[in-house]
Amino acid sequence: MKTQFAVIGLGRFGGSVCRELYQLGHEVLAIDTNESKVNEFTTHATHTVIANATDEKALTSLGIRNFDHVVVAIGDNIQSSVLCTLLLKELGVPNVWVKAQNDYHHRVLEKIGADRIVHPEQDMGIRIAQHLSSEKIIDYIELSDEYSIVELVATSKVADQTLADLDIRATYGATVLAIKSGEHMNVSPLPTDIIRLNDILIVIGHNNDLNRFEREGL
């Protein structure tokens with residue numbers, strides 16, 4: 001069975017999530033109070049509904065408890081976001097992801113049981129800043145306050161050497177998860193695999209170790 005998703009709030013963030021999930025082949029219910037926004041998504045969602053997601057009866061009538069994941073992407077109205085999240089958890093939705101506006105909003109969402117809280121603008125800002133700070137960094141994913149995954153470009157300093165030669169884990173405390181060469185992705189590379197110039201190294205580790213590897217190892 002396909003995973004069923006509902007997206008509440010079809011602004012820039014919610015709309016982007018809705019389109020991508022639908023393109024990936026999932027069943028998606030798109031919900032918003034704005035009729036014109038809902039009409040925009042008739043070809044980008046399995047079903048579209050004009051509804052007030054802070055109304056428990058409306059949510060119940062939509063069968064929202066039957067969805068595997070619900071994304072709450074309500075825009076600037078923190079009160080509506082919180083109330084909607086609370087209702088979804090009370091109705092038994094197993095996975096509720098919510099867009100937070102600020103740290104205060106985040107703390108409230110944590111207390112009422114949101115399963116995942118995202119800060120799209122903040123997260124994107126961090127990724128852009130990381131990319132701008134070094135030409136070697138292609139992408140950056142923050143796993144926690146201390147640990148991240150980065151995509152780094154292999155320079156001439158490491159080119160034509162094996163992972164065993166470089167011994168990145170012992171030297172820098174970071175682990176190479178994969179090596180991308182053009183369109184080929186080598187997941188869980190072997191110690192004998194050779195790194196080529198301009199390969200993309202996907203590396204996980206403590207932020208301090210990753211920074212040191214980027215500065216000294218590449």
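By convention here, the first residue in the shown sequence is residue 1.
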Pairwise side-chain contact, [X] with [Y], heavy-atom cut-off 4.5 Å (strictly under):
X    : Y    : answer
L201 : I179 : yes
L152 : I200 : no
K99  : S81  : no
L197 : S156 : yes
T175 : V203 : no
I117 : E110 : yes
L62  : V49  : yes
T60  : E56  : yes

Take atom [atom1] in [X]; do more than 12 heavy atoms of anything else shown fall under 6.0 Å from it?
X    : atom1 : result
R215 : CZ    : yes
K89  : NZ    : yes
E35  : CD    : no
Q161 : CD    : yes

Next on the checklist: Ignoring hydrogens and geometry beyond distance, is a side-chain donor-acceptor pair present between T162 and D165 at under 3.5 Å?
Outcome noted: yes

Item to check | Donor-acceptor side-chain pairing of S148 and N207 below 3.5 angstrom | outcome: yes

Provide the closest heavy-atom pair for [X] versus [Y] in the form atom of the first, atom of the second, distance.
X    : Y    : result
L10  : D32  : N-OD2, 2.7 Å
C18  : V28  : SG-CG1, 3.7 Å
L109 : V98  : CD1-CG1, 3.6 Å
I195 : A154 : CG2-CB, 3.6 Å
H119 : A100 : CE1-CB, 3.6 Å
T54  : S80  : CG2-O, 3.5 Å

Out of curiosity, [X] [atom1] to [Y] [atom2], how far, rounded to the nearest 0.5 Å?
X    : Y    : atom1 : atom2 : result
N102 : R107 : CG    : CZ    : 8.5 Å
D209 : Y147 : CG    : OH    : 7.5 Å
E216 : Y172 : CD    : OH    : 5.5 Å
E146 : H206 : CD    : NE2   : 4.0 Å
Q4   : L21  : CD    : CG    : 12.5 Å
I202 : L177 : CD1   : CG    : 7.5 Å

Item to check | Verdict with reasoning, N34 to I50, per side-chain contact (heavy atoms from CB on, under 4.5 Å) | outcome: CA-CA 7 Å; N34 186 311; I50 302 166; over 6 Å; no

Item to check | Member of N198, N186, D199 meeting the side-chain hydrogen bond (donor to acceptor under 3.5 Å, both in side chains) criterion with S181 | outcome: D199

Next on the checklist: Run the side-chain contact (heavy atoms from CB on, under 4.5 Å) test on I8 and I74 for me, step by step, so that the C-alpha distance in whole Å, both residues' side-chain angles and the decisive distance to 0.1 Å come before the verdict.
Outcome noted: CA-CA 6 Å; I8 299 171; I74 295 172; 4.1 Å; yes

Are [Y] and [X] connected in a single hydrophobic cluster, I mean Ile/Leu/Val/Met/Phe/Trp/Tyr linked by side-chain heavy atoms less than 4.5 Å apart?
X    : Y    : result
F13  : I31  : no
L163 : L210 : yes
L29  : F41  : no
V93  : L87  : yes
L91  : V7   : no

Next on the checklist: Donor-acceptor pair, distance only, cut-off 3.5 Å: does the side chain of T171 make one with the backbone of D167?
Outcome noted: yes

Next on the checklist: Taking the ring of F5 and the ring of H26, is the distance between their centroids below 6.0 Å?
Outcome noted: yes

Checklist entry - Do the ring planes of H69 and W97 sit parallel (below 30°), tilted (30 to 60°) or perpendicular (above 60°)? => result perpendicular

Item to check | SB check R196 D160 (cutoff 4.0 Å) | outcome: yes

